[in-house]
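Below, all heavy atoms of this structure are taken into account, side chains as well, without hydrogens, waters or symmetry copies. Sequential numbering from 1 along the given sequence is applied to the chain's residues.
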Amino acid sequence: VQLQASGGGLVQAGASLRLSCAASGRTFSGGTMGWFRQAPGEEREFVVAIRWTGGSSIYADSLRGRFTVSRDISKNTMYLQMNSLKPEDTAVYYCAAATSRIIHSALGEPSSWYYWGQGTLVTVSS
């Protein structure tokens, strides 16, 4: 199984970016996919998770409203639309996946996730 994250880049504050995470090797029907981010010198931080079946999503409270997750089942790809970007959004963004449903309380724990992509760097300048 491979997760390939892409779409990062250098943007100015207020701009938008859309990240993609393409999964290959299996589908995640019944499972969960999500995004984490890690800023320099910081711990990996939960951003959002999406249930592959049904499409319900769970966001980190601090990011709700600016970030939107979606998925295209036919392409086995998850997206993260990021709007009104701020310098504090600068980080490496990682996609992650699990073949089973992760309970809500465990979504924020990196150890709950089984597969990880390589990360894509988002840099927001002020």
Closest non-hydrogen atom pair, L3 against C21: CB-SG, 4.0 Å
Heavy-atom side-chain contact between Y114 and T99 under 4.5 Å: no
Partner set under side chain to side chain contact (heavy atoms under 4.5 Å, CB included) for S100, not counting sequence neighbours: none
Salt bridge (Lys or Arg N to Asp or Glu O under 4.0 Å) partners of residues 71-85, not counting sequence neighbours, each pair once: none
ring-ring contact (aromatic ring centres under 6.0 Å, His included) partners for Y115, two or more places apart: F28
Gap between atom CD1 of I50 and atom CE of M78 - 0.5 Å precision: 8.0 Å
Nearest-0.5 Å distance, CG of residue L80 to CG of residue L17: 9.5 Å
Under the side chain to side chain contact (heavy atoms under 4.5 Å, CB included) test, residues paired with E109 that sit two or more places apart: S111, S112
Result block: side-chain N/O donor-acceptor pairs under 3.5 angstrom for residues 116-126, not counting sequence neighbours:
residue, atom, partner, partner atom, Å
Q118, OE1, A5, N, 3.3
Q118, NE2, A5, O, 2.8
T120, OG1, G8, N, 3.0
S125, OG, V11, O, 3.3

What donor-acceptor contacts under 3.5 angstrom involve side-chain atoms of residues 62-70, with partners at least two apart or in another chain?
residue, atom, partner, partner atom, Å
R64, NH2, D61, OD1, 3.3
R66, NH1, S84, O, 3.0
R66, NH1, D89, OD2, 2.8
R66, NH2, D89, OD1, 3.0
R66, NH2, D89, OD2, 3.3

Partner set under side chain to side chain donor-acceptor pair (under 3.5 Å) for S56, not counting sequence neighbours: none
Residues forming a side chain to side chain contact (heavy atoms under 4.5 Å, CB included) with S16, sequence neighbours excluded: Q81, N83
same_hphob_cluster(F36, V1) at 4.5 Å side-chain heavy-atom cutoff: no
Validation row: W35, F46 side chains within 4.5 angstrom (heavy atoms): no
Qualifying residues under side chain to side chain donor-acceptor pair (under 3.5 Å), relative to Y93, sequence neighbours excluded: R37
Side chain to side chain donor-acceptor pair (under 3.5 Å) partners for R18, two or more places apart: none
Between OG1 on residue T32 and CG on residue L107, distance to nearest 0.5 Å: 6.5 Å
With sequence neighbours excluded, residues passing salt bridge (charged side-chain N to carboxylate O under 4.0 Å, His left out) with R26: none
N76 and W52: CA distance, side-chain angles, deciding distance, side-chain contact (heavy atoms from CB on, under 4.5 Å) verdict: CA-CA 9 Å; N76 218 24; W52 203 249; 3.6 Å; yes
Pairwise distance CZ(R101) to CD1(I103) - rounded to 0.5 angstrom: 10.0 Å
Inter-residue atom distance C95.SG - M33.CE, 0.5 Å rounding: 5.5 Å
Non-hydrogen side-chain atoms of R44 and Y94 separated by less than 4.5 Å: yes
Counterpart residues, side chain to side chain contact (heavy atoms under 4.5 Å, CB included), relative to A98 (two or more places apart): I102
